[in-house]
Amino acid sequence: MIPNRFDHTTAAGPIAAKWDDAGCSHAEVSPDKEPYTIVIPPPNVTGALHLGHGLNNTLQDILIRAKRMQGFEALWLPGTDHAGIATQAVVERRLKEQENLTRHDIGREALVQRIWSWKDQYEKRIIGQLKRMGCSCDWRRLRFTLDERCAAAVRATFFDLFQKGLIYRGKRLVNWDTFLQTAVSNDEVENVTRKGHFYHFRYPVIDPKPGEPSHVEIATTRPETMLGDTAVAVHPDPSQAFAKIERELRGKIAQASAKEKSELEQQLEAIQRRQDAMLADLEMLREMAADGRKLMLPLVEREIPLVADEWAKPELGSGCVKITPAHDPNDYEVGMRRSLPMINILNPDGTINSAAPAYEGLTIAQARKQVVADLEAAGLLGDIEDRDIEMPLSDRSKTAIEPYLADQWFVAMDQLAQSAMDAVSSGQVDIIPERYEKGYLDWLGEKRDWPVSRQLWWGHRIPIWSATYDRESEAKQVVAAASEMGASGEVDAKVQADEETGQFSVFVCLRQEDSPLEPKVEALGLERDPDVLDTWFSSALWPHSTLGWPEQTEELAYFYPTSTLCTSRDIITLWVARMVLMGLNNLGEVPFHDVYIHPTILDGNGERMSKSKGNGVDPIDVIDKFGPDALRFGLARLATETQDVRLPVQYECPHCEKLVDQTKKNRTAPVVDCPSCKERFSTQWAETEGHRAFPKAAVVSEKFETSRNFVNKLWNAARFVLMNLDDYQPRPIDVETLPLEDRWLLSRLATVTRQVTEGIDQFKFSENARILYDFAWDEFCSFYVEIAKPRLADDSLRAATQNVMAHGLDTLLRLLHPIMPFVTESIWEYLGQLAPERGLQPAKVSEFAMTASWPTSHAEHFDETIERQFSQFQEVIGAVRKIRASQNIAPRETVPVAIRCDAASQALLDPMKSYFGSLAGAEVVALGPDAKPFATDAPLALPSIDMEVHVDLEKFIDVEAELTRLEKLLGQLVKQIQGKESKLSNENFVSRAPTDVVEKERESLSDLVVQRESVQGDIERLKEKASSN
RNA sequence: GGGCGAUUAGCUCAGUUGGUUAGAGCGCUACGUUGACAUCGUAGAGGUCACAGAUUCGAAUUCUGUAUCGCCCA
C-alpha cells in the first residue's frame, strides 16, 4: 500500500543517489545533439546560501531539466567564487576575534592557508545545499575561481591585455579600507548618514593688500585633512553663480504647488540676503586669487595658493573651500584642473604619516581632535555646527572608507566596453526583462577604466614584476634584457615614465604560471607586485575558463557560447558586462545568448535578506520542514517579471511548531517568547549559556506551506490512479471513440503542454507554476479523477479509463518534473511498476522521470467545442452545489435534480448523468427541454448557456434560507440590470462603441431580465407556500 | 540629483492588445471525514485597484503629475 503522504525526508536522499549513480546530470560532448549550457553564477565561499541563491539555482535547474528532457545535451556547470575581499575579511575578523592576531602577525602564506580551509568548509556546505535542493549540476565538472584551470585563464588574459597595452599603472584616488588595508571598488562602498560636525577654520592671508581680509574662512567635516591641503578655492564668478541659483529657484517656484511655494520663496530670500552680505567679499577674494595671493596653512606652516574654481559654492558655508586633492574625490578633480600638488597624509593603516610630522602616528580620530585643539589654541577656530554627514562605509569591514592616493593597475575600458555595448545593442546578447538593458548600456557607456589591483593576499596574484630607474636608458636596457628571455608570447616588458617623480618604471609580465623565467626576472632586480586581482577579473572569465580555455578543449568548442545566464540584477554591471567583454576579447564570441534577470527576494519588511540582519532563510531549514519540491515550487512561483518579491519570514517554534512572524524587533533578539505556547526559544543571536539553554528555532516562511500541500495533492491523485491500475493493460488510445471527459482531458493537456513549453523558453516561471497548479488541482483532480471513479467501477469503461488516466498522469509528471523533481520521480517509479508501457501509442517509458522525453503538445487534441461543453457541465455542477450549500443539505444526502436545457445540451449531459453523484451528490431525474420545476423547488438559471437547474427540496426545504438566497440573488440582478440599462441608454456608448460590444451588452441585459423575472416568481411562490403552511 | 521598479482583498501576489459582476493562495466564516488527499472537500464574507488630473462611449490597464516604499547610479 502506498503511504498517503509523500515523505520527502526518507524519499529525497535515495532518489538523488539513483540519479547520481546513473549519471543523469552528467553532460558529454555529443556532436549529434544540440548543446544547452548554463554556467552557475558561482556563489561566494564567504558564507552559506540563503533563499536568494535558492531562487537563482531553482530557476536554473528548471531550465536545465526541461532542456535535458527536450533532448538537448544539457550542461549545468557548477562552481564557487573565492570572493577576495569578502572571504579574506571574514577570516581576518575571526583571527582577530578568536586569537587576537592580524594577518601581519601570521604572514601571507599562513593566512592564505587558513582561507583555503575556510573555503573547503563552505564550499562543502554550499554544494550540500545545492544538492539537497535537487540541483542537477554536472558535479564532475565542479570548478573554483582560484583553481589551476581558472588561474591559467586569468594569467593568459592578463598577459594578453598587457601585451595589447590595455593594462597600465596609475595613481588614483581609491576607496581605502584602513582596516583591511586595501582599495575597494565603488560598488563595495555604502554611504550612510551619520551625525557629525561642521568645523569653521580661518587661514591667514600672507601679506594682504590694504582693504583685503587678513584671514579666509573655510569649513570642513573632516578637520584632520587640512594637513594635506594644497589650496583654498573661491568661485571664479560669484555674482553669476548667485544669479544662476536665483534663476533656478524662480523656475521651481513658477511650477510649484502652493505648499512648496512658500518654502522655496524663503530659500530665495535667504540666497538674496546672502548675496547682499557676501558678494563683495567673494569678489575681492576672487581678485586676490587672480593676483596670486597665498595663504599660510596653519599647523603645518605651508604656503598654499588661493585659486579660482567652480567647485567652491558661493551659496554654501563661507563660500570658500579647502582643497585636499589626495583625500577627497572632488578636491582631486580640482587638483587635476589647477595642477596642485597632491599630498598624501595617511599611512595604509589610517594613521597620519610623515607629511605632518607633528601628528605622525595618530589615528584619524586622534588627529582630528588634536588639529581642532591646536587651531583653537592658535585662535583660528570658528564655529562648530552639528550636521548630518554622508560617510562612506566599506561593505566588507564596515569601517569608514578613506579616499587615498595609491598606485593601482587599471584595465583600459574604451574598446572593451564598446564591444560589450555592441553585443547587447545588436541583439547578440538578450537581456530579459529588457528594461535592464538601459542600466547595462549606461554603465558601460561611461567607459571608466577598471582598477583591478586589490591589496589582498587571497586571490590571483598580479603577474607583473617591476623596478624603478632614474634614467630612461637604464630602464630600456632592463626591458631589452627581459624581452630576450623568452618568446613574445611568453614575456612582455614595458617602460612607463612617471611624470611626477621623473623616474622610469619597468614592468615585466610573464605568461605562464610558475614560469621558469621568474627567477631570471628577479635576478634583474625586479620585484613581483604583491597585490592580487579584483575577484571580478576571474569571474569575468567564468563561462570560458570553466570549459578549459585557454586550452582549445572539445568542451569549449561544443558548449561555448553558453545558452543562458540566470542571475540577479545587482551584478549586471559588475559581472555580466565584464563577462561579455572578456568573452569577446578572449574568444571573439559572446559568452551567452540570453541573460535572464530574476527578482530579488525581500523579507516581509521589504528588506533584502541577509544573514547579518537575521532575516536570511537557509534553504535547508525550508527543505527540512516542507521538502525540496515545496521549496522549489514556492520559489518558482515568486519568479514573476517584477524586480522585488516579498517573502515574510517566521521563526518556527521548536516547542509547538507554530510559526512566529519575524519583526524588526525580534529578529535581533537572542531569545523569543512563543506567543502560542508561551515557551521560549533561542535564535541565531543566542550568546550566553542562558540563551542557549532554550532550543533554537529554525527560520522559515509559511509561503512554502501552499506548495507542500500541492505536493501532497499530486501525490494523492497519483495514489488514486495507482490504486486503480492493478489490472492495467496498455492499449492504444483512440481519440475518436472517447467520451467527452477524456477528450476534454486530452484537449486540456495539449493546451497546458504548449503553454508550459513556451513558458520555459520565455522564462515565465511563475506563470508555469500557476498553470500547472491550476490544471493539476482544479481540472485533473477535481474533475477528471472524480469522474473516473464511477467509470472505473464500470467493467465496460474501466480499461479505457485506465489508459487515459495513466497517460494524463504521465504527462503531468513530465511537465512538473523540472519544478518538482523528487515527488514526480517517486511517482514515476510507482507508475512504472504498474504501467511501464503507456501513452497514446503505448511504449516503454524511461527508467527515470528525469531522463524522460518532454511531452509534445498534440494540437489536434485541442477542441474548443469539447472544452465549451465541458465547462457547461462544470457550471451545472456548480449550480447544484450552490443550492445545496444555501440549503445546508447534508453531504450524505442525495438530491433529485431536474435540468431544463436544449436538445444539444441534453445529448451532451445525458451520458454524464452518473457523474452528478460523486461531484454534487445529486441524481438527475429529468433532463431536456421538457424538464419541469419540482413542487418544492430551488431553481438556479444559467442564462448564458440557456439552462435552468432545479433541485427538489421536498425533503430539505428551509424556506427562510431559500428566501434569503433568492433575495440576495435578486438584489445582485437588479444592480446589474441598472448598470446595463444606464450604459445602453447612453447615446455615446451605443453610437461609438463597436457593434459587437453593444450587442453583447444587449444580450446580457435581456438574459438578466429573464432571470430577474424568474427569481421574482420563485420568491412569490415560496412566500405563498410559507404563508399557506 | 538621475535611473529602474512597486503601490490591487487582512497577508503574499496574478491581471494578456482598454470592454459583462477585478482573480488565486494563505488567513477568516459556515457545513462536512465510510478508501486518493483534513497537508482535504463544498459554499461564503472580504476590494474607492495609492492619490489627483487627462484621453476615451468605456481605464486596475494608456498619458501627466503627486505621495509612499525598495533598489541602482552620482
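Per chain, numbering begins at 1; letters A, B, ... match sequence-line order.
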Let's test your reading of the model: under 3.5 Å, does the base of B:U42 pair with the side chain of A:Arg881 as donor and acceptor?
no
A:Arg708 bridged to A:Asp629 by N-O distance under 4.0 Å
no
Provide, to the nearest angstrom, the distance between the CD atom belonging to A:Glu981 and the P atom belonging to B:G58.
20 Å
Could you tell me how far B:U64 sits from B:A59 if I compare only their C1' atoms? Round to whole Å.
15 Å
Contacts of type side chain to side chain donor-acceptor pair (under 3.5 Å), residue A:Gln762, not counting sequence neighbours
A:Lys764
Taking atom C1' in both B:C37 and B:G32, compute the distance separating them and give it to the nearest angstrom.
15 Å
Non-neighbouring partners of A:Ser871 that pass side chain to side chain contact (heavy atoms under 4.5 Å, CB included), sequence neighbours left out:
A:Gln874
Less than 3.5 Å between a donor and an acceptor, one on the side chain of A:Lys713 and one on the base of B:C37, is that the case here?
yes
Could you write out RNA chain B as dot-bracket? Rules: Watson-Crick or G-U wobble, both distances under 3.5 Å, brackets [ ] for crossings, | for pairs with another strand, dot for unpaired.
(((((((..((((.....[...)))).(((((.......))))).....(((((..]....)))))))))))).
Are any of the side-chain heavy atoms of A:Tyr436 and A:Tyr596 separated by less than 4.5 Å?
no
In whole angstrom, what separates A:Arg708's CZ from B:C37's P?
16 Å
Hey, does A:Arg884 reach any base, or is it just sugar-phosphate, or nothing, if we go heavy atoms under 4.0 Å?
nothing
Which pairs, with at least one residue in residues 2-11 of chain A and sequence neighbours excluded, count as a side-chain hydrogen bond (donor to acceptor under 3.5 Å, both in side chains)?
A:Asp7-A:Thr9, A:Asp7-A:Thr10
Could you state the CG-C1' distance from A:Asn716 to B:A36, rounded to the nearest angstrom?
5 Å
If I pick the C1' atom on B:U21 and the same atom on B:C49, what distance separates them, to the nearest angstrom?
15 Å
Given that A:Ala718 and A:Arg892 both sit by RNA chain B, which one's nearest nucleotide is further toward the 5' end?
A:Arg892
Counting C-beta onward and ignoring hydrogens, is there a side-chain heavy-atom pair between A:Thr706 and A:Phe633 closer than 4.5 Å?
no
Across the strands shown, which category fits A:Gln650 at heavy-atom distances under 4.0 angstrom: base, sugar-phosphate, nothing?
nothing
Taking the P atom in each of B:C13 and B:C71, what is the distance between them to the nearest angstrom?
15 Å
Between A:Glu741 and A:Arg791, is the closest basic N to carboxylate O distance under 4.0 Å?
yes
Send over the distance from A:Leu602 CG to B:C11 C1', rounded to a whole Å.
15 Å
C1' atom, B:G41 versus B:C51: distance in rounded Å?
42 Å
Within the structure shown, what part of the strands sits under 4.0 Å from A:Lys438 by heavy-atom distance: base, sugar-phosphate, or nothing?
sugar-phosphate
What I want to find out is whether A:Lys438 reaches A:Asp442 closely enough, with some N-O distance under 4.0 Å, to be called a salt bridge.
yes
On RNA chain B, nearest-nucleotide positions of A:Met723 versus A:Asn888: which is more 5'?
A:Asn888
Face-on cation placement of A:Lys789 at A:Phe720 ring, 6.0 Å and 45° thresholds:
yes
For the pair made of CD1 in A:Ile432 and P in B:C4, what is the distance, rounded to whole Å?
20 Å
Do other residues, nucleotides or ligands put more than 12 heavy atoms under 6.0 Å from the CD atom of A:Glu434?
no
Take atom C1' in B:U20 and the same atom in B:C31, then report the distance between them in whole Å.
32 Å
In whole Å, what is the span from the CD1 atom of A:Ile883 to the P atom of B:C31?
21 Å
Side chain A:Glu786 and base B:A36 donor-acceptor under 3.5 Å
yes
In whole angstrom, give the distance that lies between atom CD1 of A:Ile889 and atom C1' of B:A30.
15 Å
Residue pairs, two or more places apart or on separate chains, that pass side-chain hydrogen bond (donor to acceptor under 3.5 Å, both in side chains) and touch residues 768-779 of chain A
A:Arg748-A:Glu779
A:Glu333 CD to B:A74 C1', in whole Å, measures 13 Å
Which nucleotide sits closest to the side chain of A:Asn712: B:U42, B:U33, B:C37?
B:C37
Scoring nucleotides 13-29 of chain B by protein non-hydrogen atoms under 4.0 Å (B base, S sugar-phosphate only, - none) yields SS----BBB---BS---
Remember a base hit wins even if backbone is also touched, and classify A:Arg435 as base, sugar-phosphate or nothing at under 4.0 Å, heavy atoms.
sugar-phosphate
Pairwise P distance for B:G1 and B:U56, with rounding to whole Å:
35 Å
Say we look at B:U61 and B:U7: how far apart would their C1' atoms be, to the nearest angstrom?
15 Å
